[in-house]
Amino acid sequence: MAIVFGFLYAAVTLLPPVAAAVFAEKKVLTLEIARKIVAAAEAEAARHHLAGVVAVVDDGGWPILIERMDHAAYLASVELAPGKARTAALFKKPSQALEDSINHGRIAAVTAQGFTEMQGGLPIVVDGEVIGAIGASFDTPEHDVQIAQAGLAAVPH
């Protein structure tokens, strides 16, 4: 009986490395990286004397960090920035792509419930994989994109 249990124990201890090889490694955003992204975005906003909201979400669209700067241009930005980030993460493309499709006649895109079809959400791509997104909501769509791009520049590659 001891020999059988010995073989069984040996077989079980050998399985994890083999089983682990089946699973892929996934890159994820950490709170530390999200803080760097938000700090870079806010520094860009401050250089242009702008105030708004910056949000970073994971690849599932769930918030990691949302910061509202003092004197944010719009109170609605608290919902818009995370919405833009969520949209970019889940569609794996800038939120502007949905806005553009609506503006070019794909009116059905407005029925995508829970998404924000406005400029300012950009996916965070590392090694060709979308690992999250940043959303910015300030005073104009152009500033939103500019500030989100500044945040992306802080992503380590």
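On a predicted model such as this, the values are computed, not experimentally measured, just so you know.
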Point-to-point distance, once rounded to the nearest 0.5 Å, from [atom1] of [X] to [atom2] of [Y]:
| X | Y | atom1 | atom2 | result |
| --- | --- | --- | --- | --- |
| Glu117 | Asn103 | CD | CG | 10.5 Å |
| Leu50 | Asp139 | CG | CG | 5.0 Å |
| Leu29 | Glu32 | CG | CD | 11.5 Å |

Donor-acceptor pair, side chain of [X] and main chain of [Y], under 3.5 angstrom:
| X | Y | answer |
| --- | --- | --- |
| Thr140 | His143 | yes |
| Asp127 | Glu129 | no |
| Arg68 | Ser77 | no |
| Lys84 | Ser137 | no |

Heavy-atom pair of closest approach, residues [X] and [Y]:
| X | Y | value |
| --- | --- | --- |
| Ala34 | Val56 | CB-CG1, 3.9 Å |
| Ala85 | Ala133 | O-CB, 3.1 Å |
| Ala148 | Leu122 | CB-CD1, 3.6 Å |
| Ala109 | Ser101 | CB-OG, 3.9 Å |

Cluster check Ile37, Val54: I/L/V/M/F/W/Y, side chain < 4.5 angstrom: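 Hydrophobic grouping puts Ile37 with Val54.
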In the hydrophobic cluster built from side-chain contacts under 4.5 Å, what are the other members alongside Ile66?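 Once heavy-atom contacts under 4.5 Å are chained together, Ile66 belongs with Val53, Val78.
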Do Asp59 and Lys92 meet the salt-bridge criterion of a basic N to acidic O distance under 4.0 Å?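 Looking at Asp59 together with Lys92, the answer is no, because their closest N to O distance does not fall below 4.0 Å.
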Distance-only check: which donor-acceptor pairs under 3.5 Å involve side-chain atoms of residues 38-48, not counting sequence neighbours?
residue	atom	partner	partner atom	Å
Glu44	OE1	Arg47	NE	3.3
Glu44	OE1	Arg47	NH2	2.7
Glu44	OE2	His48	NE2	3.0
Glu44	OE2	Gln146	NE2	2.8
His48	NE2	Gln146	NE2	3.0

Please lay out, stage by stage, how Thr87 and Ser95 fare under the test side chain to side chain donor-acceptor pair (under 3.5 Å). CA-CA 6 Å; Thr87 300; Ser95 57; over 6 Å; no
For Asp70, salt bridge (Lys or Arg N to Asp or Glu O under 4.0 Å) partners two or more places apart: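 Salt bridge (Lys or Arg N to Asp or Glu O under 4.0 Å) list for Asp70, sorted by chain: empty.
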Within the 4.5 Å heavy-atom criterion, are [X] and [Y] side-chain neighbours or not?
| X | Y | result |
| --- | --- | --- |
| Lys27 | Val126 | yes |
| Val125 | Ile131 | no |
| Leu98 | Arg106 | no |
| Ile33 | Pro156 | yes |

Got a sec: does the CG of Leu31 have more than 12 other heavy atoms crowding it under 6.0 Å?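 Counting neighbours around CG of Leu31, more than 12 heavy atoms of other residues, nucleotides or ligands fall under 6.0 Å, so yes.
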Compute the ring centroids of Tyr74 and Phe138, then answer whether they are less than 6.0 Å apart.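 Ring-ring flag for Tyr74/Phe138: false, centres at least 6.0 Å apart.
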